[in-house]
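The next block holds one structure in the form of structure tokens; read it before the comments.
Values in this document were obtained by computation on a predicted structure and should not be read as measured data. Sequence lines set the chain letters: A, B, ... in the order given, protein chains first and strands last, and positions in each chain run from 1.
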Number of protein chains: 2
Amino acid sequence: MFTTRSCAKLCSKLGKSLGLRKVHVLPDFTQNSYNVRRGNYSVLQDSHIDFFQEIVGEERVIMDETDLNRYNIDWYNQVRGKSKIVIKPKTTEEVSQILSFCNDQRLAVCPQGGNTCVSGGSVPVFDEIVLSSDLMNKIISLDETSGVLVCQAGCILENLNNFVADKKLLLPLDLGSKGSCHIGGNVSTNAGGLRLLRYGSLHGSVLGLEIVKADGEVLDCLSTLKKDNTGYHLHHLFIGSEGTLGFVTKVAIHCPPQSKAISLAFLGAPSYENVLKTFKRAKNELGEILSAVEVIDTPSMDTLNDHLQITPPIGKHEFYLLLETKGSDEEHDQQKLNKFLESVLSENLISDGAIASEPGKYHAMWAIRERLPEAFLHDGYVYNYDLTIPLEYYFKLVADVRQHVGTEATRVFGFGHLGDGNIHLQVSTKEFNKAMKKRIDTFLFNKVKELNGSISAEHGMGFLKAGYLSSIKNESSFKLMKSLKALMDPNGILNPYKVLEN
Amino acid sequence: MFTTRSCAKLCSKLGKSLGLRKVHVLPDFTQNSYNVRRGNYSVLQDSHIDFFQEIVGEERVIMDETDLNRYNIDWYNQVRGKSKIVIKPKTTEEVSQILSFCNDQRLAVCPQGGNTCVSGGSVPVFDEIVLSSDLMNKIISLDETSGVLVCQAGCILENLNNFVADKKLLLPLDLGSKGSCHIGGNVSTNAGGLRLLRYGSLHGSVLGLEIVKADGEVLDCLSTLKKDNTGYHLHHLFIGSEGTLGFVTKVAIHCPPQSKAISLAFLGAPSYENVLKTFKRAKNELGEILSAVEVIDTPSMDTLNDHLQITPPIGKHEFYLLLETKGSDEEHDQQKLNKFLESVLSENLISDGAIASEPGKYHAMWAIRERLPEAFLHDGYVYNYDLTIPLEYYFKLVADVRQHVGTEATRVFGFGHLGDGNIHLQVSTKEFNKAMKKRIDTFLFNKVKELNGSISAEHGMGFLKAGYLSSIKNESSFKLMKSLKALMDPNGILNPYKVLEN
């Protein structure tokens, strides 16, 4: 599976080396922490290794135990696999040969992109072979007129964004993990992130994919057309299926034009009620130029201050609201934004605010939002939840969870994509506690069910939530998912223990 | 199958009664015009009819030969089935019982929405039972905050748009056939239309579906959440699969807010080169307020004038360009539009223009574009093509086809969604000629293949293009489509002879 952590700042350096991570204790092996049984897969033999080395060369087969750590452990230190081998193909053909062989040999495979998943979806659970897209990082083409970019799945999101920026385009998604996450992982998890409000989901932006099926067959659905209604729309099957139905090797994605004018307002509000009123007003008054709306609570900001010494640009407030505008006329946009800010300030909906338009300040202000998860990790262990619930329940739920977990938690905090109805609710403790996880899971997932919400808005089911799928889906949907898995991967070698089964 | 004709004005009255259509001669039966063999399905028996009448009541089972015509013949008079029965369920439960029975009895079924498909996808080919969504027209809910509308599949698009308009929302799609087409058909064909440039495809807007599978099982994927990454994204399977994988019964769709200011510019240009230059300039200068871009050539406009006595508001030009803007500030939008128009006029990119902002004039101006297909039909028979090709080839292809068909054609014309790279190329003749169709098909589809385009941008494969699917898709994609069909509909009862097979 390619997966990505959608909403956390993952500095490339941190992502690349465990040594640089703020990790005091390596997490326990998943097979010890969780009640999960190894599937009936083959165990890696020397003859298998010989085959892999023949396909990609010795230097692209990683087997050193220390080197393996960063492929076995997720960035959030939640899960830890025991894979003995990482293979790094460069081409679709190599992926095809490897998967065909693994399928014949009944060897389980864990597809991995930038390993930035926070649902435990991107690392092995047992000894699955890690099939990494690290070296599948070629940009294939960019059509400047249509804005369609075609690239290999292992391209890092930020690199792609920089590449298309030269042509005054941008990627339609932006994540805190952009410095590490791979576009193939973004697609496989249907990553959301900071630009969804403006540019919509990947189901709208991804025009085509090339996928290698579990049996090694290459499925070429790499259309670059904005409109193409010929036959079934196959590539959508692989958007959000977390590498369990196929290994994404190439992506065709529509890149919208950059806006000429961009502003980011960082606002402080005395209550969540005022945050909601301000948001409603922004939608109405800023209309088509409103491009992102994020909310952060005080405990989140405190964590950032405590561990990374980052403070908001406007002093302390109960809630912080980030409002971004993107438009084609700076003067018009400024007029709209100023008029809006004057009205919400004069009515005391917000208490204070700062605006950044100059790139340096703009990026620094966004970094406050993006570095939150990095700060949380310093508390110890973080139980992270990614929920879609009605907006009015956002921080009521945070308060409920705070009460529910009591003093056992270091902190309970919430932040997230207000514009999309998606909150990231986090609980930090000094160290992982299985009972605590179960307790929060049960409490929260029941609440989300009551509210007709989603227990995974954008992070996917991965390993950590896979066990809940059968209980949140109706029987017919779950059965069809199982049938699709059986059709696409009859031997179940692709990313086992994830999404559907645990 | 629910299908819709995406880009033609279909007045409700015309759609409802063959007698009011400008039809001189009823088309020949499809089984006579085309080389197609009836599948091994059961033939309708009295016992079947008894069963259907028991489920829905006698009055909702249509068997009168004259009444059946409008369900057996498509609006474009291209194809004609021989169904003996139309059933009109009102509920999902009724659809489920009917399909379960048909599946057991091996009775072939043709799902039908507003019967506005122009690819011959919405009418039977032989004697399939027509399962009509005519009476499944209930609006279930509208969440004003999130903009999510839930309704039955047989709701007419225009009715839905009027309903949400009261709450200052709009449907994210608009088609010439809005007065007749059903939302279930729109979803099943992934209809494009006039608003796609601004609001994207239905894969982005449709949040959930309820579907009845071929075996009668109800598949509830009716999520109303903007973000929900729990398990496989099943509902996308049914978007664009033209009723061959399931019968859509309910739709949850995101409705964006209405814009406060709307303008439509109707421009005349002396050459297609200038049209393209003007379009490029519009994208750059109008940016986020540009909401639709349509092009019409002179022969199209002549047809409108000849048959419906409609003339453009700006005299005669080689090409006409419709540019729509939608924004949140009338003054700002006017400034942007005026500045843009002054520059393209002063540089002689366009020769003349008219602007409509007042609703009456705005709708009248749009009607010129929307009524084109209605006018074409008066020429006799229309061979209609719906292509995605690179913009620069649009009218070169029209000219090539004109030369290719020579004097046998009454007219060859082109119009379409310039903003999405999608042209509707039409050839009219006095009456249908099988050899002529083959000749144009072969010529055009080869050209489209050379240009890496699509032979169906938004209309779907239906019956008329189904025979070409295996040659335009690569083997692995086609094989997977076949496998999905076999998984979802093992007896092949749903909309046979369409999409995959012919």
Side-chain angles (χ1 to χ4, degrees), chain A residues 145-146 189-190 192 196 200-201 203-204 217-221 225-234 236-237 239-241 257 259-260 283 285-289 327-329 332 336 388 420-422 453-461 469 472-474 476-477 480-481 483-484 487 499-500, chain B residues 146 189-190 192 196 200-201 203-204 217-221 225-234 236-237 239-241 257 259-260 283 285-289 327-329 332 336 388 391 420-422 453-461 469 472-474 476-477 480-481 483-484 487 499-500:
Chain A
T145 310
S146 65
T189 51
N190 188 30
L196 192 132
S201 93
H203 281 288
E217 187 180 29
V218 179
L219 188 64
D220 178 1
C221 307
L225 308 175
K226 197 169 167 188
K227 293 171 79 170
D228 181 20
N229 275 354
T230 52
Y232 304 154
H233 300 196
L234 297 178
H236 290 277
L237 259 179
I239 299 177
S241 57
S259 298
K260 291 178 198 161
K283 280 202 291 186
E285 294 184 21
L286 299 173
E288 69 283 357
I289 65 166
S328 59
D329 188 305
H332 289 167
K336 287 187 181 92
T388 293
D420 314 315
N422 173 203
S454 169
I455 67 165
S456 175
E458 58 176 13
H459 289 168
M461 302 303 282
L469 195 69
I472 59 167
K473 291 290 169 189
N474 52 63
S476 57
S477 294
L480 181 54
M481 289 181 195
S483 302
L484 287 169
L487 176 73
V499 186
L500 288 174
Chain B
S146 66
T189 51
N190 188 31
L196 191 132
S201 93
H203 281 288
E217 187 180 29
V218 179
L219 188 63
D220 178 1
C221 307
L225 308 175
K226 197 169 169 189
K227 292 171 80 171
D228 181 20
N229 275 354
T230 52
Y232 304 154
H233 300 195
L234 296 178
H236 290 277
L237 258 178
I239 300 177
S241 56
S259 298
K260 291 177 198 163
K283 281 202 292 185
E285 294 184 20
L286 298 173
E288 68 282 357
I289 65 166
S328 59
D329 187 305
H332 288 168
K336 286 188 181 91
T388 293
L391 293 186
D420 313 316
N422 173 203
S454 170
I455 67 165
S456 176
E458 60 175 13
H459 290 168
M461 302 304 283
L469 194 69
I472 60 167
K473 292 288 168 190
N474 52 63
S476 58
S477 295
L480 181 54
M481 289 180 195
S483 301
L484 287 169
L487 175 75
V499 185
L500 287 175

Original post:
Does a donor on one side chain sit under 3.5 Å from an acceptor on the other, for B:Lys336 and A:Ser328?
Top reply: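 Short answer, no.
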
Original post:
Going by atom types alone, do B:Ser201 and A:Lys227 pair a side-chain donor with an acceptor below 3.5 Å?
Top reply: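 Short answer, no.
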
**OP:** Between chain A and each of B:Gly200, B:Gly231, B:Gly287, count heavy-atom pairs under 4.5 Å; write down the option with the most.
**Re:** B:Gly231

**OP:** Under 4.5 Å, counting heavy-atom pairs only, tell me which of B:Ser483, B:Gly327, B:Ser454 racks up the most with chain A.
**Re:** B:Ser454

Say you draw a straight line from [atom1] of [X] to [atom2] of [Y]; how long is it, rounded to the nearest 0.5 Å?
X	Y	atom1	atom2	result
A:Ser146	B:Leu391	OG	CG	9.0 Å
A:Ser456	A:Asn190	OG	CG	9.5 Å
A:Cys221	A:Tyr232	SG	OH	14.0 Å

Between [options], which shows the greatest number of heavy-atom pairs under 4.5 Å with chain B?
options	value
A:Leu484, A:Leu469, A:Asp228, A:Ile472	A:Asp228
A:Asp329, A:Ile239, A:Leu237, A:Thr145	A:Ile239
A:His332, A:His233, A:Lys226, A:Glu288	A:His332
A:Gly421, A:Gly240, A:Gly204	A:Gly240
A:Ser477, A:Ala457, A:Ser259	A:Ala457

Original post:
So what's closer than 4.5 Å to chain A heavy atoms on B:Leu487: side chain, backbone, both or neither?
Top reply: side chain

Subject >> Which portion of B:Glu217 sits near chain A, non-hydrogen atoms under 4.5 angstrom >> reply: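 Contact with chain A involves the side chain of B:Glu217 alone.
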
Original post:
Backbone N or O of A:Val218 within a donor-acceptor pair of the B:Ser476 side chain at under 3.5 Å?
Top reply: yes

Original post:
Does the B:Asn229 side chain pair with the main chain of A:Met461, one donor and one acceptor, at a distance under 3.5 Å?
Top reply: no

With a 4.5 angstrom heavy-atom cut-off, which part of [X] approaches chain B: side chain, backbone, both or neither?
X	result
A:Leu196	side chain
A:Asn474	side chain
A:Leu219	both
A:Ile455	both

**OP:** Compare every heavy atom of A:Leu225 with every heavy atom of B:Gly453, then report the nearest pair and how far apart it is.
**Re:**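 Heavy atoms only, the tightest pair is C-CD1, 3.5 Å.
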
**OP:** Show the numbers, then the answer: is there a ring-ring contact (aromatic ring centres under 6.0 Å, His included) between A:His203 and A:His236?
**Re:** CA-CA 7 Å; A:His203 281 288; A:His236 290 277; 5.1 Å; yes

